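Note on naming: letters A, B, ... go to the chains in the order of the sequence lines (proteins, then strands), and numbering restarts at 1 for each one. If you're wondering where the values come from, they're calculated on a predicted model, not measured in any experiment.
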Amino acid sequence: MMGRRLVLAIPWIWLLVFLILPALIVWKIALSYPVDSVPPYAPMLPGLRVSADSFSLILSDPLYRDALLLSLKVAALSTAICLLAGYPMALAIARSSERWRSLLLLVVMLPFWTGFLMRINAWIGLLQDNGWISTVAVALGLSPLRLLYTDTAMYIGIVYTYLPFMVLPLYTRLTQLDASLLEAAADLGAPPWRIFLNITLPLSLPGVWAGILLVFIPAAGEYVIPELLGGPQAQLIGRVLWQEFFNNRDWPTASAIACALVVLLLLLPGTIIWATRHVLRAATLTRGVAAEARPIGAPPSR
Amino acid sequence: MLTISGLRVRYGNLAAIDDLDLIVPPRELFVLLGGSGSGKSTLLRTIAGFVRPEAGRIALNGADLTALPPHRRPVNLMFQSYALFPHMSVAANIGFGLRMRGMSRAAIADRVREMLELVRLQGFEARRPSQLSGGQQQRVALARSLAPRPALLLLDEPLSALDRNLRRDTREELVRLQHDLGLAFILVTHDQEEALTMADRIGVMHAGQLIQVGSPSEVYERPDTRFVAEFLGAANVLPIAVSDGRAQLACGTAVQAAMDVPADARWLAVRPERVTIGEADAANRLSGVVVQRSYAGETLTHVVRLEDGTLMRATTALQQGLAAEAVTVGESVTLSWQPNASIMLRQ
């Protein structure tokens with residue numbers, strides 16, 4: 001009993017020290033105001049000095065709102081591309097033979113063997129004006145490509161970085177799919193595309209949601225990729241936060257941005273999943289009831 | 001009518017089905033009986049279209065199915081695991097095949113209602129498969145495979161996941177349903193009792209081949225081979241030598257048989273329930289000592305060691321209760337059987 005409690009205490013202590021305490025500190029700084037000192041914000045004690053100035057600033061100044069909206073847009077588009085590219089990959093890996101499966105998974109995870117910044121720097125080499133991609137384009141008779149420091153380069157970087165986080169949960173879910181369900185659907189007259197739409201896709205939705213969350217959340221707060229690959233116009237919330245913190249030395253505003261982002265990222269996917277579940281359940285119920293129960297006049301026995 | 005000719009299926013180097021011919025007429029309940037690895041499930045999956053044969057032809061009512069993918073075949077398969085769609089209601093499961101055929105919602109609703117009535121699951125339409133018992137799931141699977149009005153229904157071990165009592169009831173229900181629908185069923189099982197009680201005809205499969213096809217009584221009473229005799233029910237199998245049309249046991253005793261004795265017969269098979277203990281008026285008689293006695297409620301089985309050491313079983317139906325069968329272990333007894341209980345086997 002004691003040993004079990006000790007083991008359970010380890011993750012709790014870890015969460016407390018590395019997640020909850022830092023989060024509380026960030027909230028504390030966000031509720032303060034900047035002063036010329038080290039650290040550059042007013043201490044909360046003595047006298048319990050609390051200020052919501054930073055929050056009213058980021059809610060009123062369109063700079064922050066626009067950065068946030070742009071971040072959400074970039075994250076959403078990147079997530080969509082990852083899903084569209086990752087789903088066929090995950091399906092292909094899940095359907096391949098045992099021997100190929102581990103090899104293909106290894107290929108998906110191979111980039112993690114190298115440091116993140118190294119890989120982004122490699123992309124700079126590929127994308128820059130006299131880089132490999134442009135050189136190949138010129139050799140093929142096309143005009144030189146301007147890719148680096150554009151939105152395209154930024155999207156390439158984000159999709160490249162987060163694609164494995166989409167593929168892995170999808171793959172896990174798709175390998176758990178009972179093959180006899182697919183056969184049963186075929187037996188009942190479903191051609192391959194209808195098997196996919198009616199069986200494979202709905203049953204892989206938990207994997208889809210996991211993948212979307214794993215890509216969307218870090219992509220929304222991404223700082224390094226837009227900074228290194230994107231153009232100056234790509235003022236994402238991560239970059240704005242960085243500027244507030246390091247250039248303006250406005251720690252409370254930077255912290256308030258961080259807090260707002262966390263709240264938004266907790267609320268947004270939760271709401272979407274909740275809404276989708278209810279819409280889906282309502283849809284299947286209506287279909288079931290409309291198709292069968294109504295003529296009998298019996299209420300569905302749930 | 002299902003016509004299978006020259007069918008061959010190969011998994012790597014292994015011939016899963018080897019040059020198989022079979023005709024199943026309409027309205028017949030045909031049972032494929034065999035052990036694991038006999039190829040019975042492979043045959044079913046080949047008819048359904050999930051396994052591509054290397055050679056041969058499968059035709060249903062004159063139309064060649066061999067090249068058609070599963071979703072274009074007018075046959076339905078009821079899966080051993082039921083394979084119900086977990087994300088759909090019972091009604092959506094049953095209506096799935098109809099939806100794939102592009103039927104109107106109203107027509108689907110009518111047919112689903114009809115099917116629910118058929119399997120006595122009215123009121124369950126909105127449930128999910130996970131909210132049903134094993135027996136209910138089995139009925140949903142049956143209704144789902146019957147809903148599109150297949151020309152032939154394939155059932156892969158449909159009763160194996162049910163417990164014993166439910167299995168017996170469901171067995172009778174399936175036979176009644178098959179009879180009422182007037183639809184040909186091909187049912188795969190490894191359970192010989194299931195095969196004998198349900199089938200119009202049984203096909204015994206072994207090593208990818210149909211080694212005997214016939215009515216339950218034909219296959220049981222007149223097995224062609226030692227394998228069939230021992231696979232279907234119990235059998236006492238004794239080696240024999242044949243000379244001048246007469247069979248002799250190894251101990252020298254002549255065997256009286258109602259059937260002609262083939263010159264190349266090698267084995268005598270006698271069903272234990274045809275062997276009586278103590279009666280002397282039957283034509284075939286052997287004596288020995290009782291070495292084991294096992295009580296099974298309806299029947300009592302004695303294992304008797306004959307003078308030459310071979311063991312023979314005699315099973316008695318306990319019509320008068322146990323008291324009537326007073327033979328105990330260690331007692332010397334005479335075993336006897338009528339000539340028409342002697343089955344001569346070539347192989």
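In terms of modelled atom types and a separation under 3.5 Å, the side chain of B:H87 and the main chain of A:N198 share a donor-acceptor contact.
When heavy atoms are compared at a cutoff of 4.5 Å, B:L84 approaches chain A solely by way of its backbone atoms N, CA, C and O.
In this structure, A:L188 and B:S145 approach most closely via the heavy-atom pair CD2-CA, 4.4 Å. Counting all heavy atoms, side chain and backbone alike, B:H71 lies closest to A:A190 at CB-O, 3.4 Å. Of all heavy-atom pairs between A:A184 and B:R144, the closest is CB-NH2, 3.5 Å. Nearest heavy atoms, A:A186 versus B:F50: CB-CE2, 4.2 Å. Contact record, A:E183 with B:F79: OE1-CE2, 3.5 Å, taken as the closest heavy-atom pair.
Of the listed residues (B:A48, B:G97, B:S81), the one with the most heavy-atom contacts under 4.5 Å to chain A is B:G97. When B:R45, B:R72, B:M78 are compared by the number of non-hydrogen pairs under 4.5 Å with chain A, B:R45 comes out ahead.
Contact annotation: the side chain of A:L181 approaches that of B:P86 to within less than 4.5 Å [non-hydrogen atoms, C-beta and beyond].
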Decide yes or no on side-chain contact (heavy atoms from CB on, under 4.5 Å) for B:M88 and A:I199, but give the supporting numbers first.
-> CA-CA 10 Å; B:M88 295 184 195; A:I199 312 294; 3.9 Å; yes

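Taking CG of A:D187 as the start and CZ of B:R73 as the end, the distance is 10.0 Å to the nearest 0.5 Å.
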